[in-house]
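Here's the structure, in structure tokens; my notes come after.
Below, each value reflects all heavy atoms present in this structure, side chains not excepted, and no hydrogens, waters or symmetry copies. Since the structure is predicted, the reported quantities are computational estimates derived from the model, not experimental observations.
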Amino acid sequence: MRDFAAIDFETANNEPTSVCSVGIVIVRDCQIVDSFYSLIKPEPEYYNFWCSQVHGLTEEDTWDAPVFPKVWAKIEPLLQLTEEDQKRLGITTLPLVAHNKAFDENCLKAVFRCYGMDYPDYDFHCTLVKSRRVWPCGHHNLDIIAARCGFDLSRHHHALADAEACAAIAIKLFNADGDPYYMEASDIVYERLGCIEAPIKAADLSELMTMERKVIDSALKRLKEEGKVECPKRGYYKRIDL
């Protein structure tokens, strides 16, 4: 998938209709060609403490913001495909991509219903689901997977920054010549087999590597307690030079 639009919503409260900001990144032929960001007047119009803690937005930020239909009227043209692309891809609009599409797609459908708008049945893809298949182990937070794909997400939970990170992940994972996880795993398995003289069953090798993972996790925990390593971000470890 080389042509798509990465999207990210932030919400003011727990209601999916309460979108208070949106970020859109347009990707054509695996290159970012356009982007869009806007604050949105949420519906219902109140902020709970936890949502504001996440993205930093409050009622003062969106007091004069446009309502969702006016914002989407600016986004919709960015998603339209040319007649040539429509024939080539068999769709009329760019596919949408989100990191955890269950959240963003639910918000989009909910706010369309809220304002009585006709939903175009957008083709939605999920980089979270893809990253879990590519790298089954570890955490799959947006910032962690973005870093693994070479993108530094320094403004996490800003809608446009998150959409940019999602776009970087999608470009990497949906267009890789080989599956990154299997390329990494093949190197690990090949090296481990070189340490074993006799032939070994696949099930036994899998169990052995699981045991090794537990030992490594235990060692990292102990090293952290001893002040020899630190965690610069969740799921990552760095040695402390004493």
Side-chain angles (χ1 to χ4, degrees), residues 1 3-27 34-83 85-86 89-132 140-142 156-167 169-170 174:
M1 184 170 62
D3 303 279
F4 60 88
I7 185 170
D8 183 82
F9 285 114
E10 299 297 332
T11 56
N13 53 68
N14 293 333
E15 296 296 329
T17 56
S18 68
V19 292
C20 58
S21 67
V22 60
I24 292 278
V25 173
I26 306 299
V27 176
D34 204 353
S35 64
F36 176 86
Y37 172 79
S38 178
L39 295 172
I40 303 171
K41 184 180 288 293
E43 177 58 46
E45 192 177 359
Y46 71 88
Y47 284 77
N48 67 30
F49 173 79
W50 297 111
C51 288
S52 289
Q53 282 290 102
V54 169
H55 50 59
L57 297 174
T58 66
E59 291 183 11
E60 293 181 358
D61 294 302
T62 55
W63 186 259
D64 295 323
V67 293
F68 176 79
K70 291 185 178 181
V71 173
W72 199 254
K74 296 180 179 180
I75 293 174
E76 195 170 27
L78 301 177
L79 305 180
Q80 294 299 317
L81 292 171
T82 63
E83 291 186 6
D85 284 340
Q86 289 182 30
L89 300 173
I91 51 178
T92 58
T93 60
L94 285 172
L96 297 180
V97 179
H99 197 74
N100 186 18
K101 80 159 193 169
F103 172 80
D104 295 282
E105 186 176 25
N106 184 43
C107 286
L108 187 58
K109 289 182 176 180
V111 77
F112 260 76
R113 288 194 301 269
C114 176
Y115 287 98
M117 301 165 61
D118 293 329
Y119 188 73
D121 197 23
Y122 292 109
D123 184 22
F124 240 106
H125 299 266
C126 186
T127 52
L128 175 60
V129 171
K130 178 65 173 179
S131 68
R132 283 173 173 165
H140 296 82
N141 308 56
L142 179 61
H156 195 8
H157 297 303
H158 182 282
L160 182 56
D162 284 0
E164 290 170 343
C166 178
I169 295 170
F174 287 124

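- Under the 4.5 Å side-chain criterion, counting only non-hydrogen atoms from C-beta, D162 is in contact with H156.
- D121 CG to F112 CZ: the interatomic distance, rounded to the nearest 0.5 Å, is 11.0 Å.
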Determine all donor-acceptor pairs shorter than 3.5 Å in which one atom belongs to a side chain in residues 40-50; sequence neighbours excluded.
from: K41; atom 1: NZ; to: E45; atom 2: OE2; distance (Å): 3.2
from: K41; atom 1: NZ; to: W63; atom 2: O; distance (Å): 2.5
from: Y47; atom 1: OH; to: T62; atom 2: OG1; distance (Å): 2.8
from: N48; atom 1: OD1; to: W50; atom 2: N; distance (Å): 3.3
from: N48; atom 1: OD1; to: C51; atom 2: N; distance (Å): 2.7

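- Residues T17 and F68 have side chains not in contact (no heavy-atom distance under 4.5 Å, counting atoms from C-beta outward).
- Across L39 and V71, no two heavy atoms sit closer than the pair O-CG2, 4.0 Å.
- Between S52 and L57, the shortest heavy-atom contact is OG-O, 2.7 Å.
- At a threshold of 4.5 Å between non-hydrogen side-chain atoms, the residues Y122 and E105 do not count as touching.
- The structure places CZ of F174 at 8.0 Å from CZ of F4, a figure rounded to the nearest 0.5 Å.
- Looking only at distances, a side-chain donor or acceptor of D61 sits under 3.5 Å from a matching main-chain atom of T58.
- The CG atom of N106 sits 11.0 Å away from atom CZ of F9, with the distance rounded to the nearest 0.5 Å.
- Contacts of K70 classified as side-chain contact (heavy atoms from CB on, under 4.5 Å), with partners at least two apart in sequence or in another chain: P66, V67.
- Looking at S21, its side chain never comes within 3.5 Å of a backbone N or O of S38 through a donor-acceptor pair.
- The two residues G23 and A159 have their closest heavy-atom pair at N-CB, 3.4 Å.
- To the nearest 0.5 Å, atom CD of residue E10 and atom SG of residue C107 are 9.5 Å apart.
- Within the 4.5 Å cutoff, side-chain heavy atoms of F124 are placed close to those of L108.
- Rounded to the nearest 0.5 Å, atoms CG (D3) and CD1 (I26) are 10.5 Å apart.
- The distance from the CG atom of D123 to the CE atom of M1 is 8.0 Å, given to the nearest 0.5 Å.
- Counting heavy atoms from C-beta outward, L81 and T92 have side chains that stay 4.5 Å or more apart.
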Can you give each donor-acceptor pair under 3.5 Å made by side-chain atoms of residues 93-103, sequence neighbours left out, with the distance rounded to 0.1 Å?
from: H99; atom 1: ND1; to: T127; atom 2: OG1; distance (Å): 2.7
from: H99; atom 1: ND1; to: L128; atom 2: N; distance (Å): 3.4
from: H99; atom 1: NE2; to: H140; atom 2: O; distance (Å): 2.9

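- The shortest heavy-atom contact between I24 and L160 is O-CD1, 3.9 Å.
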